[in-house]
K.L.:
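Right, I'll just put the structure down here and ask away after.
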Amino acid sequence: MSEQLELDDWQPDRNLGMELVRATEAAAIKAANFVGRGDKNAADGAAVDAMRRFLSTVSMQGTVVIGEGEKDDAPWLYNGEVVGNGLGAECDVAVDPIDGTRLTADGRPGALSVIAVSDRGSMFDPSAVFYMDKLVCGPVGVGVVDIRKPMGENVRALAKAKGVDVSEIRVAVLDRPRHADLIREIREAGAGTRLLMDGDVAGGVNAARHDSKIDMCVGIGGTPEGIITACAVKALGGLIQGRLWPKDDEERERAIAAGHDLNEVLDQDSLVRSDNTYFVATGITAADFLDGVQYRGGFVRTESIVLRGHSGTVRHIVSEMRPDRWSE
């Protein structure tokens, strides 16, 4: 009897992700007007403005903890800005209107518009150290790989867990001079690399997916991007590990003063101390797991992904909108 009452009284949580996707769609559509035009600042400005306008309609009391900054004395999704219509739950909000501004400007694949949300006060504060050494993989790698181990050992362990030859393992790495030794270690272990021009978040999320052609994403990238990726990893069942990477002595001292242990390995539960997370992304240019914005037969078409940590739900959303009605 009591069990039946519990079932009758149960109500599903409102799916905030379905509201947030309208904001990433808007940012992606506006950014798409600048694909291949060589002006990443114009693309970013259009995406930020569109995302902010749509976020103001979302039912939440959001505070931006990872934002774009303040430009031209105008509210541009800066850290500390309150977003949403003020009627819903209190949330931490992380935004990246364009993950891959250079990809957008150059007309290259892999640019996304991204929002991540979690319970208020649950996101790690990334202000002390901008960079983080990261390792991201899918569910098979949980308990198998460890950022503290040599890369060759991780590659071989993951290949064994997947039941494949090491030569079939592909590891995504940002193509930066600082990663020259890391790339060499991966290749010497017998695995292949996928060198990323940009798109730190897209690379990590792709590696965490169970059906991806990428097995791991490793290397030094942004700490804010690591926190955003952690929101996705919680839904995908994968693993993210990171260690703060101060770029100079001043940043190192600031991190220590803030109480950070620079040797600590931060996982998804350290980066986001809540399972009530949402990760929403819309493709701007075609990525491995999302199509970019397309104009077809009088409609604008977008493809998005909505990930919910609490339920482990992955939704793929294809939207077609009439540009004349949407712009109104």
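All values reported here derive from a predicted model rather than from experimental measurement. Residue numbers run from 1 in the order of the sequence given.
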K.L.:
Are Phe299 and Met321 side-chain neighbours, meaning at least one heavy-atom pair lies under 4.5 Å?
P.N.:
no
K.L.:
Between Asp165 and Glu168, is there a donor-acceptor pair closer than 3.5 Å when you use the side chain of the first and the backbone of the second?
P.N.:
no
K.L.:
With a 4.5 Å heavy-atom cut-off, do Val205 and Leu236 have their side chains touching?
P.N.:
yes
K.L.:
Is the side chain of His210 donor-acceptor paired with the backbone N or O of Gly138 at a distance under 3.5 Å, no angle test?
P.N.:
no
K.L.:
Quick one: do Glu81 and Arg52 make a salt bridge, cutoff under 4.0 Å?
P.N.:
yes
K.L.:
Determine whether the side chains of Thr24 and Ser113 contain a donor N or O and an acceptor N or O closer than 3.5 Å.
P.N.:
no
K.L.:
May I ask you to test the Val272-Asp92 pair for a side-chain heavy-atom distance under 4.5 Å?
P.N.:
no
K.L.:
Side chains of Leu112 and Phe289: closer than 4.5 Å at any heavy-atom pair?
P.N.:
yes
K.L.:
Would you find a donor on one side and an acceptor on the other, under 3.5 Å apart, between the side chain of Glu303 and the backbone of Asp291?
P.N.:
yes
K.L.:
Describe, in one word, how the ring planes of Trp245 and Tyr131 are oriented to each other, choosing from parallel (under 30°), tilted (30 to 60°) and perpendicular (over 60°).
P.N.:
perpendicular
K.L.:
Check this for me, if you would: do Arg53 and Asp49 make a salt bridge, where the nitrogen-to-carboxylate-oxygen distance has to be below 4.0 angstrom?
P.N.:
yes
K.L.:
Tell me whether Arg108 at atom CZ has more than 12 heavy atoms from other residues, nucleotides or ligands lying less than 6.0 Å away.
P.N.:
no
K.L.:
With no hydrogens and no angle check, do the side chains of Asn206 and Ser212 hold a donor and an acceptor under 3.5 Å apart?
P.N.:
yes
K.L.:
Salt-bridged, Glu251 to Arg254, with N to O below 4.0 Å?
P.N.:
yes
K.L.:
Just so I know, are the side chains of Val300 and Val293 near enough to count as touching, which here means a heavy-atom distance under 4.5 Å?
P.N.:
yes
K.L.:
Among Ser274, Cys91, Ser122, find the one that has a side-chain contact (heavy atoms from CB on, under 4.5 Å) with Val117.
P.N.:
Cys91
K.L.:
Yes or no on salt bridge (charged side-chain N to carboxylate O under 4.0 Å, His left out) for Arg194 and Asp288, after CA distance, side-chain angles and deciding distance?
P.N.:
CA-CA 12 Å; Arg194 168 81 71 85; Asp288 286 329; 2.8 Å; yes
K.L.:
Look at the side-chain heavy atoms of Ile, Leu, Val, Met, Phe, Trp and Tyr, link any pair under 4.5 Å apart, and say whether Val95 and Val82 land in one connected group.
P.N.:
no
K.L.:
Check the surroundings of atom CZ in Arg252: do more than 12 heavy atoms from other residues, nucleotides or ligands lie under 6.0 Å from it?
P.N.:
no
K.L.:
Do Glu19 and Ser59 have side chains that approach each other closer than 4.5 Å (heavy atoms only, starting at C-beta)?
P.N.:
yes
K.L.:
Side chains of Val114 and Val280: closer than 4.5 Å at any heavy-atom pair?
P.N.:
no
K.L.:
Looking at side-chain heavy atoms only, is the closest gap between Ile147 and Arg243 below 4.5 Å?
P.N.:
yes
K.L.:
Is Arg170 reaching over with its side chain to a backbone N or O of Ser167, donor-acceptor style, under 3.5 angstrom?
P.N.:
yes
K.L.:
Check for a donor-acceptor pair, side chain of Arg37 on one end and backbone N or O of Asn33 on the other, with a separation under 3.5 Å.
P.N.:
yes
K.L.:
State which residue, out of Thr277, Asp275, Thr229, fulfils the side chain to side chain donor-acceptor pair (under 3.5 Å) condition with Lys234.
P.N.:
Asp275
